Amino acid sequence: MLSIVATPIGNLGDITLRALETLTTADAVVCEDTRVTGALLHHLKIPKKELVSLTSFTDDAKVEWILKRLEEGENIALVSDAGTPGISDPGYKLISRVRDRNFSVEVIPGPAAFLAALSASGLPINQFFYIGFLPLKKGRKTLLQSLKDEELTIVFYESVHRIEKTLTELAAALIEQPTRPVVIARELTKLHEEVRRTTVADLPEVAKSLTKKGEFVVVLGPVQDRGGSS
Ligand code: SAM
């Protein structure tokens, strides 16, 4: 059985009972960075486990090796460094190959930074568009421009190194929509959690004044706030 296990995005209290049980009983844990997952398991007081690293660069031979172990009846847990595997993280290739072979898969859902940000944003979120990380070069300008007409709430990830540049470019792309709301969520579930609501007009100033530490999610309100029903 392959168990896809979501882990906390900062606050260890967000681990679920099912995640604890699954990680404790797994024969091996497939993860991104064995040091990160090793530290997580240690904090969660889970007995030492075999950790197998799997990144987006992992070759097919290793994926095959994991498939063989599943075929032999082992219980393998898949985690990422934080949050939900496959959400702007590795996991897709393995899960898709396991599905192709019709092996059993279960999911142990839990935190994902974009869902936490949406839910804290106060923007309409009955429908939204998750775009992961913006492209760094090719397609970046076109994507930013396309947000002018987007009728859904948009949510995306950004790194501390690019947050100011990206917010400044977003403000420039949406200059004709000065009142459109933007929410910047930083360090969600952690000690320095911060959720700032602003508008496109004020975004360049806010971008400059942000504490440039930690992890960020940006939520952009729809072109016309149609007001969610809940
Ligand atoms: N799989 C993860 C998930 O389910 O959210 C996302 C992994 S992605 C490689 C990492 C990005 O998620 C960070 O650059 C940041 O944009 C966002 N992120 C992760 N944890 C966060 C947190 N505690 N607060 C704000 N953003 C976070």
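Both ligands and their constituent atoms are indexed starting at 1 by order of listing. Here the structure is a predicted model, which means the values were calculated and not measured.
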Heavy-atom neighbours of Leu12 CG exceed 12 at 6.0 Å: yes

Taking atom CD as the centre, does Glu176 end up with more than 12 heavy-atom neighbours from other residues, nucleotides or ligands that are less than 6.0 angstrom away? no

When you look at CZ of Arg196, are more than 12 heavy atoms from neighbouring residues, nucleotides or ligands closer to it than 6.0 Å? yes

For Lys190, does the NZ atom have more than 12 heavy-atom neighbours from other residues, nucleotides or ligands under 6.0 Å away? yes

Any ion pair linking Glu71 and Lys68 (charged N to carboxylate O, less than 4.0 Å)? no

What are the atom names and distances for all N or O pairs under 3.5 Å between ligand 1 and the protein?
unit_1: ligand 1; atom_1: 1 (N); unit_2: Ala82; atom_2: O; d: 3.2
unit_1: ligand 1; atom_1: 1 (N); unit_2: Thr84; atom_2: O; d: 3.1
unit_1: ligand 1; atom_1: 1 (N); unit_2: Ile87; atom_2: O; d: 2.9
unit_1: ligand 1; atom_1: 1 (N); unit_2: Asp89; atom_2: OD2; d: 2.7
unit_1: ligand 1; atom_1: 4 (O); unit_2: Thr84; atom_2: N; d: 2.8
unit_1: ligand 1; atom_1: 5 (O); unit_2: Ala113; atom_2: N; d: 2.8
unit_1: ligand 1; atom_1: 5 (O); unit_2: Tyr157; atom_2: OH; d: 2.6
unit_1: ligand 1; atom_1: 16 (O); unit_2: Glu158; atom_2: N; d: 3.4
unit_1: ligand 1; atom_1: 16 (O); unit_2: Glu158; atom_2: O; d: 3.4
unit_1: ligand 1; atom_1: 16 (O); unit_2: Phe216; atom_2: O; d: 2.6
unit_1: ligand 1; atom_1: 20 (N); unit_2: Glu215; atom_2: OE1; d: 3.2
unit_1: ligand 1; atom_1: 23 (N); unit_2: Ile9; atom_2: O; d: 2.9
unit_1: ligand 1; atom_1: 23 (N); unit_2: Leu188; atom_2: N; d: 3.4
unit_1: ligand 1; atom_1: 23 (N); unit_2: Leu188; atom_2: O; d: 2.9
unit_1: ligand 1; atom_1: 24 (N); unit_2: Leu188; atom_2: N; d: 2.9

Quick check on the 6.0 Å ring-centre criterion: do Phe156 and Phe129 meet it? no

